[in-house]
Asks: 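Sharing a structure, written as structure tokens. Questions coming.
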Amino acid sequence: MIQLESVSKAYKTSTRPALDDVTVDVDKGEFVFLIGPSGSGKSTFLRLLLREEVPSKGRVSVSNFDVAKMPRRRVPRLRQTIGCVFQDFRLLNNKTVSENVAFALEVIGKPKHTITKVVPEVLELVGLDGKADRMPHELSGGEQQRVAMARAFVNRPLVLLADEPTGNLDPDTSQDIMLLLERINRTGTTVLMATHDHSIVDSMRRRVVELDNGKVIRDDRRGVYGVGR
Amino acid sequence: MRASFVFSEVVTGLRRNVTMTIAMILTTAISLGMFGGGLLLVRTIDKMQASYLDDVEVTVYLTQDISANDQNCTAEPCSTIRSSLENNQAVESVVFEDRDEAYERFQRIFEGQPELVELARPESLPASLHVKLFDPERSDVIVQEFGDQPGVANVDDQNKFLDRFFDLLNSGRDGTFIVAAIAALAAVLLIANTIQVSAYTRRTEVGIMRLVGATRWYTQLPFLLEAVVAGVIGAALGVVGLVGVKYIALDRIFEATGGAIPNIEIVDILFPVAPVLLGVSILISAVTGYVTLRAYVRT
Ligand SMILES: Nc1ncnc2c1ncn2[C@@H]1O[C@H](COP(=O)(O)OP(=O)(O)O)[C@@H](O)[C@H]1O
Ligand SMILES: [Mg+2]
């Protein structure tokens, strides 16, 4: 589903590469943690998959998209098969919960009757069915992240990328978000989550890819955050 | 493409930045109004040139002596002057007008001002030869050749006067176009600026749109349409402004010239000027919008 072959990424403004000869292969339906200290290249990894950045070297593919080489006009298609959530939720503050979710479908031209049908379904899936008409500022952090997840999932993506989705949340709320991610993963969606939260990684016992200074230093099938740390 | 989505984005965009939108619309309106005014002037000048040049003549006024004694232009030097005029390559026709005829014409022209007619005597008016040329622009030749001939008092070249008159109108037209161009530049800069501000205030939305896979059309069309809608409103205001100026000022000014300048009719403004302004406005705002988005806004 996701493949990186000898991928390096050097940003123009920095001398040290953000990713250095990274090779990772993720199968359909897998749940993978991408761990490593701040600045190790986790976000860069995810941005390459979204074609927010292009690699300096190597091949990136997602599903049947040759991400690095594809023409610009095909990028929207790629992104429609990928859902994203971030540490900072990125909700539109002037829209209600259901409007925020519907927005993701409106802007890719989905018909209205589809939108009115699937938005309540996905809000129920993330446990927000009673809060469809709330504004984002009337929600807790955990609830806001659920809205973001509903928006990322509403178009049934093949892949869900999560960049430190629990970074702004307390441990209990983080646990709820993890349960939701597992639930989404069980529908067959490949999930790739960047984090540096030890306890979450340790409790989930999923595949762990560890980055350090842009290099893959570990790839465990059922890993914990770090031995002896 | 969901039209309702794009439409609501455009309305929100224009309302979010009301002062800027108004400035953009007004500048566009002024620029287009001036441009339309210039176009109307071009039409007016064309019309006038066509109708005046037909009637333009060179008048060779004869001396008092001839005017008093040679009633039919049969004696020397009048007959020579007339025949050499008639034989001139550039001349189409020559008509002799004696004193009495000149007086009659004078009376006709100044019908409305009897005091003036009272004052005039046939004896104070000169006889003349009215010369019509194939090409009125070439009147210089006649003035040069006959100006100093014995028996000629002076040669009056209507074309000279008309030239000065049209020069005036032409510089009026040019001035109007220059001001229109300057206002258009201001409008273009305002449109570019408004789009940048608009894109900046909506960066979160656009970021999300890009992330969920919205195409360029979806992310950029609202901005583009914002510019075009402002352009259309500006063009409409420009046309309304032209109609207003016609009724408030131009009609009276042109009337005061006693019909020398033909009136600008409403239909002249509605067609072809209004559609031209609309087209120019849509073209300029769309192109400006497109270039701005290309240059300054990441897709
Ligand atoms: N847009 C950018 N321009 C220049 N350097 C960047 C940019 N984004 C990230 N970097 C650099 O690349 C390295 C990896 O960053 P990042 O992928 O954000 O790491 P992480 O998400 O693991 O914290 C860091 O050294 C960071 O400073
Ligand atoms: Mg990061």
Side-chain angles (χ1 to χ4, degrees), chain A residues 46-47 49-53 62-63 65 70-86 88-95 99-115 136 147-163, chain B residues 1-21 194-229 286-287 289-299:
Chain A
L46 299 182
R47 280 210 296 272
L49 299 180
L50 280 168
R51 184 53 195 261
E52 291 262 356
E53 301 286 349
V62 173
S63 183
F65 295 96
M70 64 198 279
R72 270 238 299 229
R73 63 187 162 76
R74 295 253 299 149
V75 171
R77 284 247 151 261
L78 165 76
R79 291 184 182 162
Q80 285 177 23
T81 65
I82 301 177
C84 293
V85 290
F86 301 91
D88 57 1
F89 319 137
R90 302 198 189 172
L91 301 178
L92 296 171
N93 294 320
N94 55 351
K95 289 191 192 296
E99 282 167 356
N100 262 283
V101 177
F103 185 74
L105 296 176
E106 278 168 356
V107 301
I108 58 171
K110 290 281 187 230
K112 202 163 194 97
H113 59 91
T114 311
I115 296 175
V147 180
M149 289 176 72
R151 183 180 65 196
F153 190 63
V154 70
N155 196 28
R156 303 287 154 156
L158 297 171
V159 178
L160 186 78
L161 305 179
D163 195 351
Chain B
M1 179 72 53
R2 290 262 315 278
S4 59
F5 167 75
V6 175
F7 180 74
S8 73
E9 286 292 293
V10 169
V11 172
T12 333
L14 287 171
R15 278 183 24 197
R16 179 158 12 204
N17 211 337
V18 183
T19 46
M20 199 89 141
T21 305
T194 310
I195 287 181
Q196 285 177 63
V197 170
S198 199
Y200 183 76
T201 36
R202 265 188 279 177
R203 64 195 181 286
T204 326
E205 256 138 308
V206 173
I208 292 167
M209 288 166 87
R210 291 182 341 109
L211 208 60
V212 299
T215 56
R216 271 253 307 257
W217 273 112
Y218 264 92
T219 49
Q220 301 201 340
L221 197 64
F223 300 114
L224 212 61
L225 282 183
E226 231 175 275
V228 172
V229 166
V287 168
Y290 184 79
V291 171
T292 311
L293 287 169
R294 266 280 148 115
Y296 297 104
V297 184
R298 238 189 109 194
T299 47

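Naming convention: chains lettered A, B, ... in sequence-line order (proteins, then strands); numbering from 1 in each chain.
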Asks: Quick check on Arg203(B): does its CZ atom have over 12 non-hydrogen neighbours (other residues, nucleotides or ligands) under 6.0 Å away?
Replies: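 Yes, because the 6.0 Å sphere around CZ of Arg203(B) holds more than 12 heavy atoms from other groups.
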Asks: Given side chain to side chain contact (heavy atoms under 4.5 Å, CB included), test Asn155(A) with Val212(B) step by step and report yes or no.
Replies: CA-CA 9 Å; Asn155(A) 196 28; Val212(B) 299; over 6 Å; no
Asks: Evaluate Arg216(B) against Arg73(A) for side chain to side chain contact (heavy atoms under 4.5 Å, CB included), listing each step before the verdict.
Replies: CA-CA 8 Å; Arg216(B) 271 253 307 257; Arg73(A) 63 187 162 76; over 6 Å; no
Asks: Check whether Leu161(A) gets within reach of chain B through its side chain, its backbone, both or neither, counting any heavy atom under 4.5 Å.
Replies: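 For Leu161(A), no heavy atom lies under 4.5 Å from chain B.
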Asks: Please flag which part of Arg151(A) lies under 4.5 Å from any non-hydrogen atom of chain B: side chain, backbone, both or neither.
Replies: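 When you check distances to chain B, only side chain atoms of Arg151(A) fall under 4.5 Å.
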Asks: Hey, is NZ on Lys95(A) packed in by over 12 heavy atoms from elsewhere, all under 6.0 Å?
Replies: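 Counting other residues, nucleotides and ligands, NZ of Lys95(A) exceeds 12 neighbours.
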Asks: Select one option (side chain, backbone, both, neither) describing which atoms of Lys112(A) are under 4.5 Å from chain B's heavy atoms.
Replies: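 The answer is both parts of Lys112(A).
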Asks: In Å, rounded to the nearest 0.5 Å, how long is the span from CZ of Arg77(A) to OG1 of Thr215(B)?
Replies: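 Going from the CZ atom of Arg77(A) to the OG1 atom of Thr215(B) covers 9.5 Å.
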Asks: CD of Gln80(A) to CG of Leu211(B): how many Å apart, nearest 0.5 Å?
Replies: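 Spacing of CD (Gln80(A)) from CG (Leu211(B)) equals 12.0 Å.
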Asks: Specify the closest pair of heavy atoms between Ile108(A) and Ala214(B), including all atoms of both residues, with the distance to one decimal.
Replies: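 Heavy atoms only, the tightest pair is CG2-N, 3.8 Å.
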Asks: So which atom in Glu52(A) and which in Arg210(B) form the shortest heavy-atom distance, rounded to 0.1 Å?
Replies: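 It is OE1-NH2, 3.5 Å.
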Asks: Working to the nearest 0.5 Å, report the span between OG1 of Thr204(B) and CG of Leu91(A).
Replies: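 The CG atom of Leu91(A) is 11.0 Å from OG1 of Thr204(B), to the nearest 0.5 Å.
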Asks: For the residue pair Gly213(B) and Pro76(A), what are the closest heavy atoms and their distance?
Replies: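 Shortest heavy-atom contact: O-CB, 3.3 Å.
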Asks: Return the CD to CD distance between Glu106(A) and Glu9(B), rounded to the nearest 0.5 Å.
Replies: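 Spacing of CD (Glu106(A)) from CD (Glu9(B)) equals 8.5 Å.
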Asks: Find the distance between CG (Leu92(A)) and CE (Met209(B)) and round it off to the nearest 0.5 Å.
Replies: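 The distance works out to 10.0 Å.
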